[in-house]
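Presented below is the structure to which this report refers.
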Amino acid sequence: MDPFRLVPLIKTMWKLSSSLIGMHRERDIAVFHKLDSILDESRVKNILDYSFFTECLRFEERELLYKFEDALQRVENQYLHPVIQVRATALARQMSELLRTVGATFRSDDGEIYRFHPDPIDPTAYDREWDRLHDQVEKTSKAYRTYRQAVKKRLQV
């Protein structure tokens with residue numbers, strides 16, 4: 001086959017694929033902004049780095065974590081870019097694990113502030129559950145950073 005005949009074909013394929021990627025990119029950017037409006041990067045860092053470290057989680061923070069985790073798992077919020085979707089799925093999984101740990105170890109007296117309060121009968125439970133919570137916070141934080149890096153690199157947001 002004549003190489004000069006391949007050049008127009010390659011150009012046509014390139015234009016078609018780049019236009020599809022552009023369409024997917026716009027949708028993925030919209031999904032990202034929707035998720036970011038629920039829980040942005042500074043708020044996630046504040047919750048993961050400060051609230052869990054002080055062993056106090058406000059009701060609003062807890063609800064934001066649940067809402068964000070739920071939004072990540074919704075079909076309409078699935079990313080079309082495969083790498084970003086893999087990172088978002090991993091983040092949703094880690095966030096779900098963290099929320100299970102929070103549900104098992106945090107208690108609220110007044111409904112406004114949840115405090116880290118593992119089993120009051122077993123004195124070793126505090127250290128064991130604190131280590132488990134700390135590990136889960138680290139995993140979630142790492143998954144969030146990886147997700148944000150994938151979004152920034154691929155969507156240039």
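As the structure is a computational prediction, the values presented were derived from the model and not from experiment.
Between the CG atom of Leu133 and the CZ atom of Phe52 there is a distance of 6.0 Å, given to the nearest 0.5 Å. With values rounded to the nearest 0.5 angstrom, Thr140 atom OG1 is found 6.0 Å from Met95 atom CE. Atom OG of Ser51 sits about 8.5 Å away from atom CG of Leu65, to the nearest 0.5 Å. Note that OG1 of Thr146 is 13.0 Å distant from CD1 of Ile84, once rounded to the nearest 0.5 Å.
Residues Phe59 and Leu57 share a single hydrophobic cluster, defined by chaining ILVMFWY side chains whose heavy atoms lie under 4.5 Å apart. Linking ILVMFWY residues whenever their side-chain heavy atoms come closer than 4.5 Å, directly or via other members, places Val157 and Tyr147 in the same cluster. The cluster map of Ile, Leu, Val, Met, Phe, Trp and Tyr, joined by side-chain heavy atoms under 4.5 Å apart, puts Tyr144 and Tyr50 in different clusters.
Of the charged side-chain nitrogens involved, at least one lies within less than 4.0 Å of a carboxylate oxygen, so that Arg148 and Glu41 count as a salt-bridged pair.
When atom types are taken as modelled, the side chain of Arg25 and the backbone of Leu155 share a donor-acceptor pair closer than 3.5 angstrom. Of the possible donor and acceptor atoms, one in the side chain of Gln78 sits under 3.5 Å from a partner among the backbone N and O of Arg74. When atom types are taken as modelled, the side chain of Gln85 and the backbone of Tyr79 share a donor-acceptor pair closer than 3.5 angstrom.
Aromatic ring centres of Tyr126 and Phe116 lie closer together than 6.0 Å.
Under the side chain to side chain donor-acceptor pair (under 3.5 Å) criterion, the residue pairs touching residues 101-114 are Arg62-Tyr114, with sequence neighbours excluded.
Gln94 places a side-chain heavy atom less than 4.5 Å from the side chain of Gln136.
Scanning all heavy atoms of the two residues, the minimum distance from Ala71 to Asn77 falls at O-ND2, 2.8 Å.
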